[in-house]
Structures are given as structure tokens and as C-alpha cells.
Amino acid sequence: MVRTRFAPSPTGFMHVGNLRTALYEYLVAKSAGGRFVLRIEDTDRGRLVEGAVDVIYRTLSLAGLCHDEGPDIGGPFGPYVQSERMNLYLPYAESLVRSGHAYYCFCTKERLDSLHDGESTQDSPGYDRHCRDLPADEVRDKLASGMPYVIRQKMPLTGQTTFEDLVFGIITVPNKELEDQILIKADGFPTYNFANIIDDHLMEITHVVRGSEYLSSTPKYNLLYEAFNWEIPRYVHLPLIQGRNEDGTVSKLSKRHGSTGFDDLIAEGFLPEAIINYIALLGWCPKEDTRELFSLSELTGAFSIDGISKAPATFDYDKLEWFNAEYIHRMSREEFIVQAVPYFSGLSCVDESTHDLLTEILQPRITRFCQIPEKLSYLNGLEDFDPELFEHKKSKSSVDSARLLLGQAAESLRSITDWDADSVINALTKVSERNDVKKSAVMWAVRIAVTGMAVTPGGAVEALLLLGRDRSIERMEHSRQRISQ
RNA sequence: GGCCCUAUGGUCAAGCGGUUAAGACACCGCCCUCUCAAGGCGGAAUCAGGAGUUCGAUUCUCCUUAGGGUCACCA
């Protein structure tokens with residue numbers, strides 16, 4: 001049974017990188033009929049954020065990544081919140097001390113800080129292993145006197161550690177590069193590095209899926225598994241998601257690259273399905289064909305670990321936008337209206353009777369729902385526009401022709417009894433025939449006159465239908481007068 | 001800087017010794033057309049460089065270069 005876990009720390013913010021990790025964890029498990037568990041890693045009490053866990057629940061649920069075990073729904077391996085497992089870690093660390101794989105360290109914060117200043121980190125990285133070989137009785141005394149301490153992992157000084165990653169292959173690191181990392185902090189909490197492997201083992205996680213930034217610390221974890229004589233899980237490291245910097249370079253995706261939080265993207269009008277679909281394809285590609293549109297369950301069916309690429313991928317908002325548009329275009333009329341209605345509220349001339357027409361003109365034209373108000377802003381009032389808008393070569397329209405045609409068009413429209421597409425087209429076509437001009441010249445003049453916008457969703461006819469007869473004619477007269485001096 | 005990883009068009013990428021080097025986004029052009037979209041058709045654009053292995057390298061090996069990651073009492 002494949003078991004994966006998503007182990008976010010509750011920061012109150014769900015980064016798309018985290019979300020993609022969750023997605024792949026879900027897919028690795030579900031594509032193999034396994035279980036996907038949620039574990040909250042809140043061992044950093046300094047970074048606790050109110051309500052942050054709810055953000056995680058909400059995001060997973062919106063994204064459709066339903067977990068099989070977790071703090072909210074329980075499961076056979078609980079509790080699923082690390083702070084509630086507090087008393088469980090220290091004994092493991094102490095057993096490591098006894099077996100010679102870890103040691104107490106009494107170094108002060110100040111001493112550690114001064115270490116970082118002395119740039120010459122010749123052989124060993126980070127910590128200088130100052131307390132590694134303290135005499136046993138000295139350790140006993142310090143402990144007895146209540147001196148604050150941390151527990152550090154005792155890394156081998158020679159040799160090398162090798163592990164296999166399912167996407168990156170075999171990786172070997174010299175042991176002397178490994179820092180004697182802290183396992184238990186002075187506040188008694190375990191570090192992520194320690195809690196992580198204890199919990200993964202206890203929760204019987206079979207596949208550890210995470211970003212490739214953890215690649216270089218994986219040997220340290222393996223040394224821990226070995227010290228405990230525990231089975232080492234399979235590793236699936238994911239290529240990083242990068243963002244494009246202003247100067248054209250790329251780096252690990254972060255806030256300065258724009259909206260990188262799931263909530264931000266939602267607020268900007270991206271659909272959860274589109275976001276999931278896009279990030280699934282950032283670093284993964286289906287084997288069978290060139291399809292790109294996948295629902296979550298289709299992804300589950302198509303997913304395989306060997307489709308994951310090693311090279312980092314750059315987040316591309318254009319492509320996300322395209323996915324979003326695809327999802328919008330494929331909606332049923334009913335779905336579209338449900339999503340669009342909230343954006344109709346600030347618009348005049350819109351009621352249920354216009355929903356079908358609005359869907360028709362909007363659905364192929366928006367890539368995000370929040371674009372609706374600006375696209376239809378003319379409904380709320382005719383702005384003073386540049387008369388030059390009447391000039392349009394391709395439509396054979398000009399200020400002069402508009403001046404001539406608008407009066408007649410208004411006149412013709414005024415006599416319509418049933419204000420519908422057919423009669424409007426009919427009336428305007430007659431105007432063009434009577435004056436022996438292209439239909440587009442009339443249409444252009446009318447559309448500009450009633451909307452004041454160079455570009456509108458739908459054409460003159462749709463604008464007229466939305467505005468209604470009275471308002472349309474009123475606007476046409478108004479616009480005609482503006483160009484009649 | 002040490003260590004680790006990566007390298008096919010601007011971006012996501014297929015390819016896993018022999019291909020006219022797929023496809024998608026973006027871009028450009030044409031068609032359709034009452035504007036703009038949508039849709040259809042077409043175009044430009046990629047194997048970082050150098051050695052080797054091989055009958056033959058985008059594909060395997062090494063070096064160089066470039067980029068990224070990591071070096072916390074954060075996760």
C-alpha cells in the first residue's frame with residue numbers, strides 16, 4: 001500500500017509550490033490505489049499563525065485533494081499534528097544519544113552567531129561540532145544544572161552516503177559535508193528535520209514526495225533511518241518551480257514574482273481546476289499522448305512517476321491564463337451563468353432575461369470572470385469618447401459617415417416594435433442599403449455611438465439588445481450631436 | 001565559496017543510438033467576421049560548447065560553460 005503525506009507548516013499561506021507538492025503526493029498515492037495523508041508540521045512555535053490550518057483545509061478541499069487521514073478526520077496513525085505528538089520525539093533523540101548517533105550541545109546562540117561571521121567554513125559546514133566530544137561527566141553536570149541544550153545528530157566524518165531518488169536517480173554525498181544538525185531544539189520541540197523522519201516512519205509513509213530543495217539534506221535523513229534501523233522510504237523529489245525576475249533571470253518562485261499563493265490566484269479569477277491542471281503539467285508530462293486538459297481524476301489515471309522531469313520549470317502566467325480560458329469555454333451555459341452572476345451585480349441593463357445573450361458574448365471572450373465588469377462597463381453609462389473612434393478603415397467608417405448614418409439609424413430603430421436581433425439587423429441593413437454603404441459602416445458607427453468603446457464583447461447588435469431601445473436611441477442622438485458641430 | 005542538481009525554441013515539453021527533432025502557450029500571417037474574441041489554416045523559432053564511445057549521437061561518458069538548489073534552535 002502506497003502511502004504519501006502532505007506535511008505543510010501552517011503559515012497561513014498556500015504557495016503554489018506547496019500546492020503542487022500536495023498534488024503530486026496525492027497523485028503518487030492515488031494512481032497506485034494508495035492513501036494520502038495530511039500532517040500538520042507546527043514545530044516552529046514562533047511562526048504559528050492564527051487560522052492557518054483552516055487555510056490548508058480550504059485549499060485542499062477547493063483543489064479537490066481529499067486526504068484519507070488527517071487532523072480533521074482522524075485515522076489509525078494519529079495524532080496528525082506534530083505539536084500534539086510532542087512527547088514522542090525526545091525519547092527517540094535520547095536513544096540516538098545512547099547509541100552514539102547524537103549528542104547534547106550547550107552552545108549559546110551568541111557563539112553560533114559568531115560562527116557564521118567567521119566566514120572560513122573550511123572543512124565542516126555550519127556548526128563547528130564544538131560539543132560533539134564533550135566528556136560524559138561534563139555533559140551530566142551541565143544537564144543536572146539545568147543548562148539549556150539541544151540535541152544534535154552526530155554525522156560520520158568520513159565516507160559517503162548514497163541514496164536513490166525515483167526521479168533524480170542515484171545521488172552520492174561526502175559525509176563530511178553533512179552538518180551536525182539539530183534534532184531537538186532548546187524549547188524541547190523537534191526540528192522539522194527530525195520530526196519528519198520519526199513521523200514518516202510511524203505513519204508508515206512509503207513515498208516521500210517533496211521539492212528538490214530537500215535533495216541535499218536527504219543523506220542526513222537516511223543516516224537517521226539507518227541509526228534507528230528503520231526502512232528507508234522511496235524518495236520522489238520534484239523539480240523546482242521558478243519565477244521570472246524583472247531582470248530576466250529566474251529563481252525559486254516567490255512572492256516577488258506576482259501572485260504565487262493559491263488564494264491570490266483564486267482572487268484574480270483563476271479556477272481551482274485550471275490551477276491544478278496547469279501545475280500538474282509543470283514538471284510532469286503524460287506518457288501516452290499530447291493531451292493537456294485533465295481533470296483531477298484523469299490526472300490520477302494518467303500519472304506516473306517516470307513522467308516527472310528533473311529540470312526546474314518556470315511558472316508561466318500566460319499558460320495558466322490559457323488553461324483558465326479553456327475551462328471557461330468548456331463550461332455549460334448554466335455553469336457559466338452561476339460563475340458570472342456575481343460580476344453582473346454592478347452592471348445596469350442586466351437581468352435574467354439577458355443572461356443567455358451575455359453568456360453568448362462573454363463566454364468565448366473572457367479568460368477570467370473578473371474581466372466581466374470592465375468589458376461591459378459601457379452598460380453603466382456612455383463616457384465621453386474620442387470621436388476618432390468613428391474612423392475605421394476596414395469598416396469603411398469615418399466621422400463623416402457616422403454623422404450621416406447615425407440619424408437615419410436611430411430613426412430606423414425607433415420604429416421597431418419587437419426589439420430583437422432580427423429586427424435590429426433588419427433595420428440597420430436597410431440603412432446601409434439606402435445609403436449604398438457597407439453594412440459594417442453602419443454597424444461600426446452604431447456600436448461606437450452606443451458604447452463609446454473601440455472594442456466590445458459582441459457587436460452593435462448585441463450592444464443595442466442589452467441597452468434596450470430607448471437608451472440606445474438616446475445614446476445615438478447624443479453621440480451624433482457630439483460630432484455634428 | 002563547498003557540496004548537490006539541471007541543461008531540446010521566449011515558456012511548458014516529447015524524445016530514451018538511426019526521426020523531415022512531436023505537441024501546447026506566447027508571437028506573426030491568412031480565413032471567417034458588424035469591433036474584439038472564439039474557431040480554422042499556415043509561419044517563424046530549439047538539441048549550450050568541446051572532447052570521446054560508436055558505422056552513426058539530441059540521446060551514452062568526461063570536461064567546460066551557464067542556471068538553479070542548499071549550507072538556521074525554518075520547514
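Because the structure is predicted, anything quoted here is derived from the model rather than measured. Sequence lines set the chain letters: A, B, ... in the order given, protein chains first and strands last, and positions in each chain run from 1.
Of the candidates B/U35, B/C73, B/G39, the closest approach to any side-chain atom of A/Arg152 belongs to B/C73. With B/C74, B/G10, B/C3 as the candidates, the nucleotide lying closest to the side chain of A/Val173 is B/C3. With B/C34, B/U70, B/A37 as the candidates, the nucleotide lying closest to the side chain of A/Pro364 is B/A37.
You'll find the ring centres of A/Phe315 and A/Tyr278 inside the 6.0 Å limit. The six-membered or imidazole ring of A/Phe106 lies away from that of A/His130, with a centre-to-centre distance of 6.0 Å or more. Not less than 6.0 angstrom separates the ring centroid of A/Tyr103 from the ring centroid of A/Tyr149. Annotation: A/Phe303 is in aromatic contact with A/Trp284 [ring centroid separation under 6.0 Å].
If you check distances only, the side chain of A/Lys319 does reach the base of B/A24 with a donor-acceptor pair under 3.5 Å. For A/Tyr127 and B/A72, a side-chain-to-base donor-acceptor distance below 3.5 Å is absent, hydrogens and geometry of angles not being considered. Evaluation of atom-type donor-acceptor distances gives no pair under 3.5 Å for the side chain of A/Arg447 against the base of B/C34.
Nucleotide B/G39: paired with B/C31 (Watson-Crick or G-U wobble, both distances less than 3.5 Å). Across every strand in view, B/A48 sits in a pair with B/U64 that passes the Watson-Crick or G-U test at under 3.5 angstrom. Summarising the base pairing, B/G1 is matched to B/C71 through a Watson-Crick or G-U wobble pair whose two defining distances lie under 3.5 Å. B/C12: Watson-Crick or G-U partner is B/G23, with both key distances under 3.5 Å. Summarising the base pairing, B/U54 is matched to no nucleotide, lacking a Watson-Crick or G-U wobble pair whose two defining distances lie under 3.5 Å.
When atom types are taken as modelled, the side chain of A/Thr429 and the backbone of A/Ile425 share a donor-acceptor pair closer than 3.5 angstrom.
The separation of B/A51 from B/G43, taken at their P atoms, amounts to 35 Å, rounded to a whole angstrom. Look at the C1' atom in both B/G67 and B/C32: the space between them is 45 Å, to the nearest Å. Spacing between B/A26 and B/C12 at atom P, rounded to whole Å, works out to 15 Å. Spacing between B/U19 and B/U8 at atom C1', rounded to whole Å, works out to 14 Å. Comparing B/C16 with B/C25, their P atoms sit 24 Å apart, to the nearest whole Å. Between B/U46 and B/U11, the distance separating the two P atoms is 13 Å to the nearest Å. Across the P atoms, B/G9 and B/G50 are found 16 Å apart, a figure rounded to whole Å. Comparing B/A22 with B/G15, their P atoms are spaced 14 Å from each other, to the whole Å.
Rounded to whole angstrom, the span from the CG atom of A/Leu253 across to the P atom of B/G68 amounts to 14 Å. In this structure, CD of A/Glu164 is placed 14 Å from P of B/C5, rounded to the nearest angstrom. Regarding A/Gln242, its CD atom lies at a distance of 16 Å from the P atom of B/G10, rounded to whole Å. Here B/A72 presents its P atom at 15 Å from CD of A/Glu213, a figure rounded to the nearest Å. If you take CG of A/Leu282 and P of B/A14, they are 12 Å apart, rounded to a whole angstrom.
For CG of A/Asp436, the number of neighbouring non-hydrogen atoms (other residues, nucleotides, ligands) closer than 6.0 Å is 12 at most.
Distance check, rounded to the nearest 0.5 Å: CD of A/Glu273 to CZ of A/Phe323 gives 13.0 Å. Atom CG in A/Asn324 sits 10.5 Å away from atom CD in A/Glu268 (nearest 0.5 Å).
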Please tabulate, for side-chain N and O atoms in residues 232-242 of chain A, each donor-acceptor pair with protein atoms closer than 3.5 Å (sequence neighbours left out).
unit_1   : atom_1 : unit_2   : atom_2 : d
A/Tyr235 : OH     : A/Asn222 : OD1    : 2.6
A/His237 : ND1    : A/Asp165 : OD1    : 2.6
A/His237 : NE2    : A/Arg210 : NH1    : 3.2
A/His237 : NE2    : A/Thr218 : OG1    : 3.3

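Contact check, A/Lys185 against B/A72: no side-chain N or O comes under 4.0 Å of OP1 or OP2. The side chain of A/Thr249 places no N or O atom within less than 4.0 Å of a non-bridging phosphate oxygen (OP1 or OP2) of B/G67. Note on A/Lys109: every side-chain N or O is 4.0 Å or more away from OP1 and OP2 of B/A72.
For A/Lys319 and A/Asp316, the salt-bridge test fails: no basic side-chain N is under 4.0 Å from an acidic carboxylate O.
For the pair A/Pro10/A/Ile40, a side-chain contact is recorded, criterion being any heavy-atom separation below 4.5 Å from C-beta on. Counting heavy atoms from C-beta on, the side chains of A/Phe336 and A/Arg330 never come closer than 4.5 Å.
Of the two residues near RNA chain B, A/Leu215 and A/Gly283, the one whose nearest nucleotide lies more 5' is A/Leu215. Each of A/Ile171 and A/Leu320 has a nearest nucleotide on RNA chain B; the 5'-most of these lies closest to A/Ile171.
Contacts with RNA chain B (heavy atom under 4.0 Å) in residues 306-316 of chain A: A/Ser309, A/Lys310, A/Ala311, A/Pro312, A/Ala313, A/Thr314, A/Asp316, listed by number. For RNA chain B, no neighbouring residue in residues 153-160 of chain A is found when judged by any heavy atom under 4.0 Å.
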